[in-house]
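What follows is a single structure, written as structure tokens, with notes after it.
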There are 2 protein chains.
Amino acid sequence: MSKSLSSITLDSFDLAILNILQRDNSTPQRMIGEAVNLSAPAVQRRIRRMEEAGVIQANVAVVDPAQVGQSITIFVEVEVISETAELIDAAKREFASISEVQQCYYVTGEADFVLVVVVPTMNAYEALTRRLFFGNNNVKRFRTFVTMDRVKVGLAVPLPG
Amino acid sequence: MSKSLSSITLDSFDLAILNILQRDNSTPQRMIGEAVNLSAPAVQRRIRRMEEAGVIQANVAVVDPAQVGQSITIFVEVEVISETAELIDAAKREFASISEVQQCYYVTGEADFVLVVVVPTMNAYEALTRRLFFGNNNVKRFRTFVTMDRVKVGLAVPLPG
DNA sequence: CGCAGAATGAAAGATTTTTTCGCGTCAATG
DNA sequence: CATTGACGCGAAAAAATCTTTCATTCTGCG
């Protein structure tokens, strides 16, 4: 897991490749090559370069939560009491360490954190809130939004081109 | 793109495989086999079965937004005026069709929709709000949370085991 | 003009994925 | 109690993909 965080420049070939991989990274390089007008080795070199530069951060399978018994997705806005760097960092680490917390963002506005939580039951969520919020004396308050429909889910980034 | 939405049962082998693929789906089946104590073909059959059943919904590359010029991630809570089925469905379709809307959830609570928006600049966000919210007369109000730190990002589902 | 650096494609080599096939297990059945 | 069929397994072969190698092209620049 080595990271060369050297920011690289991407041309339209790279963007076209990314656009394909964002949707299906099991696409053979040969097909990608046909789509973008490059040979398979050229495609491969560009992919590896983007992986090393961190443009491609990961290659993952997307699992349907409902089919593995994790049918409840919840948004939580968290407001903290004190925003010292230490306490914020501690909160970031704690939230990030919880496997039920699928996503965590530190934000401006009427809240300080926004969490996406995935749990099997409301009981599990209730237990989590007790552990994570009531058990943390820097949490001023939190608001819960229970998802009824995951209208659009993904991590695809809109790409120029 | 055929989907057999037949819900299947997953054993501990399947869950172990999912856990690996959720983190890195470029892991060779041979290595997965070693990790879970199965042969490569057995792993392969299980993966294919889970893909056909929709347990695995997609295989994607995760792209770093900052490195493709989309450095701003924003949460938006949207509250609508009328919650008739037609209007809600129309809103779902509209939000889902916007490429800058990376994620969209229909939720209960003090808001009706939560959006995750990815844009290159605040100007682009401003333009999007005009088009999407001010230009939609069923939007009562919306609240914006600008992300300062993407503490944890992903789609990994917590798996039993 | 010529050279260095960077990227390409064709082809060969290495690895992985996929298929084939025979075996063992288990449950239902005669 | 034997038989049958469904099911999933592993070994091995076959097919496809990924990766490396290498000669070539193109560009910028001294």
Side-chain angles (χ1 to χ4, degrees), chain A residues 1-64 67-69 159-161, chain B residues 1-64 67-69 159-161:
Chain A
M1 299 281 178
S2 54
K3 278 189 188 177
S4 341
L5 33 110
S6 49
S7 186
I8 62 176
T9 55
L10 307 178
D11 61 17
S12 62
F13 286 113
D14 294 312
L15 293 176
I17 294 171
L18 283 181
N19 241 327
I20 294 172
L21 294 181
Q22 269 197 138
R23 286 165 178 72
D24 183 4
N25 73 358
S26 69
T27 311
Q29 295 166 358
R30 174 183 48 78
M31 283 192 200
I32 299 174
E34 287 170 16
V36 306
N37 267 340
L38 282 177
S39 68
V43 170
Q44 212 256 32
R45 283 186 288 258
R46 285 163 179 273
I47 292 176
R48 192 159 55 81
R49 187 164 140 273
M50 292 192 284
E51 284 174 345
E52 287 170 353
V55 177
I56 296 175
Q57 296 183 312
N59 287 284
V60 303
V62 179
V63 174
D64 180 1
Q67 293 219 46
V68 292
L159 292 183
Chain B
M1 298 284 177
S2 55
K3 279 189 186 174
S4 343
L5 35 110
S6 49
S7 185
I8 63 175
T9 55
L10 307 178
D11 61 17
S12 62
F13 286 113
D14 294 312
L15 294 177
I17 293 171
L18 284 181
N19 242 326
I20 293 172
L21 294 181
Q22 271 198 136
R23 286 164 179 71
D24 182 5
N25 72 357
S26 69
T27 311
Q29 295 166 358
R30 173 182 49 78
M31 282 192 202
I32 300 174
E34 288 170 14
V36 305
N37 266 341
L38 281 176
S39 69
V43 170
Q44 212 257 30
R45 283 186 289 258
R46 285 165 178 271
I47 292 175
R48 192 159 54 82
R49 188 165 142 271
M50 291 192 286
E51 283 174 345
E52 286 170 354
V55 177
I56 296 175
Q57 297 182 311
N59 287 285
V60 303
V62 179
V63 174
D64 180 2
Q67 294 219 45
V68 293
L159 293 183

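Side chains included, hydrogens not; waters and symmetry mates left out as well; all remaining heavy atoms used. Chain naming here is simple, since letters A, B, ... match the order of the sequence lines and numbering starts at 1 in each. Not measured: the values here are computed from a predicted model.
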query = Is A/R46 close to A/D11 at the side-chain level, that is, under 4.5 Å between some pair of heavy atoms?
reply = yes
request  = Provide, to the nearest angstrom, the distance between the CD1 atom belonging to B/I17 and the C1' atom belonging to D/dG8.
outcome  = 13 Å
ask   = Between C/dA6 atom P and A/D14 atom CG, what is the distance in whole Å?
value = 16 Å
key: N/O (side chain, B/Q29) to phosphate O (OP1/OP2, C/dT16) under 4.0 Å   = no
ask   = Considering only heavy atoms from C-beta outward, does the side chain of B/M50 approach that of A/V63 to under 4.5 Å?
value = no
request  = Check for a donor-acceptor pair, side chain of B/N25 on one end and backbone N or O of A/V60 on the other, with a separation under 3.5 Å.
outcome  = yes
remark   = For A/L15 and A/P160, the nearest pair of non-hydrogen atoms, with its separation, is CD1-O, 3.8 Å
query = Could you give the CZ-to-P distance, from B/R49 to C/dT18, as a whole number of Å?
reply = 17 Å
message = Taking B/A53's backbone N and O only, do any of them form a donor-acceptor pair with A/Q67's side chain (distance below 3.5 Å, no angle check)?
response = yes
inquiry  = Any side-chain N or O of B/Q44 below 4.0 angstrom from OP1/OP2 of C/dT17?
reply    = no
remark   = In whole angstroms, the gap separating P of D/dA16 from CZ of B/R48 amounts to 16 Å
key: Side-chain heavy-atom pair B/E52, B/R48 within 4.5 angstrom cut-off   = yes
Close side-chain approach of A/N59 and A/E51, heavy atoms under 4.5 Å = yes
Under-3.5 Å N/O pairs linking protein and nucleotides 12-15 of chain C:
none

query = A/D14 and A/T9: which non-hydrogen atoms are nearest, and at how many Å?
reply = OD2-O, 4.1 Å
Could you go through nucleotides 10-14 of chain D and list every protein N or O atom that sits under 3.5 Å from one of its N or O atoms, giving the distance for each pair?
{"residue": "D/dG10", "atom": "OP1", "partner": "B/S39", "partner atom": "N", "Å": "3.3"}
{"residue": "D/dG10", "atom": "OP2", "partner": "B/S39", "partner atom": "N", "Å": "2.9"}
{"residue": "D/dG10", "atom": "OP2", "partner": "B/S39", "partner atom": "OG", "Å": "2.5"}
{"residue": "D/dG10", "atom": "N7", "partner": "B/R45", "partner atom": "NH2", "Å": "3.2"}
{"residue": "D/dG10", "atom": "O6", "partner": "B/R45", "partner atom": "NH1", "Å": "3.3"}

remark   = B/I32 CD1 to C/dT18 C1', in whole Å, measures 15 Å
d(CD1, A/I47; C1', D/dT19) in whole Å = 12 Å
query = How long is the line joining CZ of A/F13 and C1' of C/dG9, in whole Å?
reply = 13 Å
query = If you look at every strand shown and take non-hydrogen atoms under 4.0 Å, does B/R46 touch a base, only sugar-phosphate, or nothing?
reply = sugar-phosphate
key: Shortest non-hydrogen contact from A/F13 toward A/N37   = CE2-O, 4.0 Å
task = In whole angstrom, give the distance that lies between atom CD of B/E51 and atom C1' of C/dT18.
result = 13 Å
